[in-house]
Amino acid sequence: MTTDTSNAVRRSRYFLPTLKETPSEAQIVSHQLMLRAGMVRQASAGIYSWLPMGFRVLKKIEQIVREEQNRAGAQEMLMPTIQSADIWKESGRYDDYGKEMLRITDRHDREMLFGPTNEELITQIFANEVRTYRDLPKNLYHIQWKFRDEVRPRFGVMRGREFYMKDAYSFDLDADAGRVAYNKMFVSYLRTFARMGLQVIPMQADTGPIGGDMSHEFLILAETGESEVYCHRAYQDMDVMTTDVDYDDHAALADTVGRWTEHYAMTDEMHDAAACPVDAADLVEARGIEVGHIFFFGSKYSEKMGARVAGPDGEEVTVEMGSYGIGVSRLVGGIIEASHDDDGIVWPVAVAPFNTGLINLRQGDDACDAACEDVFAKLDGAGIEVMYDDRPERAGVKFADMELIGLPWQLVIGPRGLKNGVVELKNRASSDKEEVSLESALARLTG
Ligand code: 5CA
């Protein structure tokens, strides 16, 4: 018997506490399914532990976000979760943030806080290290836990108190260059969400406590979304953005942003029915989940925190900044809201915790066990992430669990099929089932 690796696990050994009943504390389907599929458990209000299955999805989403940030020229770093109150006093946000900020006092009575976002800290780093315009543009990001003491944490990981966010910060010499940085992030967001199988709509947004005068929220439509949205129906037919992008072609970037912002799209915070230019027949009123939010706020922080560089003519210039967030942990719930059915989760391939679920219909039967072991090793060897349900359970239990977990492919091996030289390959999304030889099943899964 081969040993389990992180990408090939036996269900009998894997920590996957699935639930048959829907927990009563969960109001929306993604929260219910995340609990039932053994992905998360609540630690305290709005704070979750990520169990192995949930953790895998979180990491898959994080990796897509990372790849697209890097592609757009942003550089990854890591800032701490705990920050000093001093920098927040400098920016003036220490008082503004109110009760949403978790304030901490250390043993020396110094005021600290658990970071709700990082504009201050990154601006301080930039101000201390960068002296000349030659080092611009810069876009720095990290993927780190944040804490906001929300009045009403709810819907599981969708509105948590502790949540995982990607936040990027751009620094430029002037507003035009800042606009280019903004466009790069805008376009990279379209690609990022498309890779996760999501249809997003960029909407003009209020800037709230982050500030600034240009901002877009990226929302996916879902009945359980917290925001009411109003948008032109043209957005529903737009192709998701999967094409390659040349991030050095600034004119093409501006075109793409133009195409994605030419139609009306606003959340309730900004929508004004009286001023809305769209005919009722073309206006979609729906609910949405905000999965990303980008801001251009010029010199709001750089001015107060002294982020200045020497310009080309030797004059000191205060840098122009933007910040760009993606709710990585929220996306886990958001993707489930967008992709599930009555039986459970339907993972898009790109973020699925495992690609294939291998079901042994008669555990203990020599032929079935041997065939499953062989396929399990071969799939693993071919780099396919696989979970083998090797428990001595009834077939019905295994099927129900596999549907709930929502892996893209199910490979079912039973004694009757084996006698005829066939196995069953089922696609979770389409429910299409096919009886094929073991070899062709393997070829399909690894091809
Ligand atoms: N500093 C800026 C951009 S880096 C910022 O903090 N923006 S934000 O407040 O809009 O948050 C960015 C993203 O984090 C949001 O679009 C949302 O997807 C996610 N997010 C915000 N609050 C929560 C929360 N309480 N629970 C889960 N995700 C959240």
Side-chain angles (χ1 to χ4, degrees), residues 5-9 11 14 16 29-30 33-34 37-39 50 52-69 71 157 188-200 220 222 239-244 289 291 326 328-359 375-376 378-389 399 401-412 423-434 436 440-447:
T5 64
S6 62
N7 289 331
V9 301
R11 179 74 164 88
Y14 199 54
L16 181 57
V29 71
S30 59
L33 288 172
M34 286 182 75
M39 295 176 65
W50 292 78
M53 187 75 112
F55 182 65
R56 284 183 74 87
V57 177
L58 187 70
K59 290 286 145 182
K60 290 256 165 108
I61 293 172
E62 174 182 346
Q63 185 57 20
I64 292 176
V65 170
R66 172 177 292 120
E67 286 170 13
E68 295 304 325
Q69 288 292 293
R71 210 190 295 277
V157 300
S188 83
Y189 276 34
L190 294 176
R191 271 188 61 103
T192 303
F193 298 125
R195 280 187 63 186
M196 296 171 193
L198 295 172
Q199 175 99 35
V200 292
I220 53 177
D239 285 338
V240 293
M241 168 83 194
T242 48
T243 46
D244 272 349
I289 300 167
V291 289
I326 290 183
V328 177
S329 50
R330 174 178 288 184
L331 271 165
V332 181
I335 291 170
I336 296 174
E337 288 294 329
S339 189
H340 66 270
D341 62 18
D342 289 346
D343 298 321
I345 302 168
V346 182
W347 288 117
V349 173
V351 298
F354 296 94
N355 174 274
T356 304
L358 173 61
I359 297 180
V375 167
F376 183 58
K378 283 184 176 143
L379 286 171
D380 186 27
I384 303 297
E385 295 163 319
V386 53
M387 189 182 82
Y388 170 23
D389 194 343
F399 284 133
D401 242 25
M402 207 55 97
E403 293 285 294
L404 171 65
I405 292 161
L407 308 183
W409 293 99
Q410 296 171 14
L411 181 58
V412 185
V423 296
E424 187 183 271
L425 191 59
K426 179 178 171 183
N427 182 284
R428 177 67 179 87
S430 66
S431 294
D432 289 345
K433 289 181 189 172
E434 266 186 276
V436 292
S440 53
L442 268 172
R444 285 271 288 286
L445 291 170
T446 57

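A side-chain donor-acceptor contact under 3.5 Å links E337 and S30. Donor-acceptor pairing under 3.5 Å is recorded for the side chains of E403 and Q410.
Residues L16 and D401 form no side-chain contact, since every pair of their non-hydrogen atoms from C-beta on lies 4.5 Å or further apart. With a 4.5 Å cut-off on side-chain heavy atoms, F193 and V291 count as touching. N355 is not listed as a side-chain neighbour of V386, based on a closest heavy-atom distance of 4.5 Å or more. Side-chain contact between R444 and E434: present, with at least one pair of heavy atoms (C-beta onward) separated by less than 4.5 Å.
A salt bridge is defined here as a Lys NZ or Arg NE, NH1 or NH2 lying under 4.0 Å from an Asp or Glu carboxylate O, and D341 with R428 meets this definition.
Taking CG of L358 as the start and CG of L379 as the end, the distance is 7.0 Å to the nearest 0.5 Å. The structure places CG of L445 at 4.5 Å from OG1 of T356, a figure rounded to the nearest 0.5 Å. For the atom pair CE (M34) and CD1 (I345), the distance works out to 7.5 Å, reported to the nearest 0.5 Å. Note that CG of L33 and CD1 of I405 are 11.5 Å apart. Values are rounded to the nearest 0.5 Å. Atom CD1 of I64 is separated from atom CZ of R191 by 11.0 Å, given to the nearest 0.5 angstrom. To the nearest 0.5 angstrom, Y388 atom OH is 13.5 Å from R11 atom CZ.
Checking side-chain atoms of R330 against main-chain N and O of I289 turns up no donor-acceptor pair under 3.5 Å. K60 places a side-chain N or O within 3.5 Å of a backbone atom of A352 that can act as its donor or acceptor partner. For the pair T192 (side chain) and S188 (backbone), a donor-acceptor distance under 3.5 Å is present.
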Exercise for the section: Go through the steps to decide whether L198 and L331 satisfy the test side chain to side chain contact (heavy atoms under 4.5 Å, CB included), and finish with yes or no. Expected result: CA-CA 10 Å; L198 295 172; L331 271 165; 3.6 Å; yes

Practice task
Determine, stepwise, if the pair M402 / K426 fulfils side chain to side chain contact (heavy atoms under 4.5 Å, CB included).
Solution key: CA-CA 11 Å; M402 207 55 97; K426 179 178 171 183; over 6 Å; no

Exercise for the section: Please lay out, stage by stage, how I61 and M196 fare under the test side chain to side chain contact (heavy atoms under 4.5 Å, CB included). Expected result: CA-CA 8 Å; I61 293 172; M196 296 171 193; 3.7 Å; yes

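Within a 6.0 Å radius of CZ in F55, other residues, nucleotides and ligands contribute 12 heavy atoms or fewer.
Of all heavy-atom pairs spanning G334 and I220, the tightest one is O-CD1, 3.5 Å. Here the shortest heavy-atom pairing between G333 and V157 reads N-CG2, 4.0 Å.
F354 pairs with exactly one of W347, Y14, F376 by the ring-ring contact (aromatic ring centres under 6.0 Å, His included) rule, that one being Y14.
Residues passing the salt bridge (Lys or Arg N to Asp or Glu O under 4.0 Å) test with E62 are K59, R66, sequence neighbours excluded.
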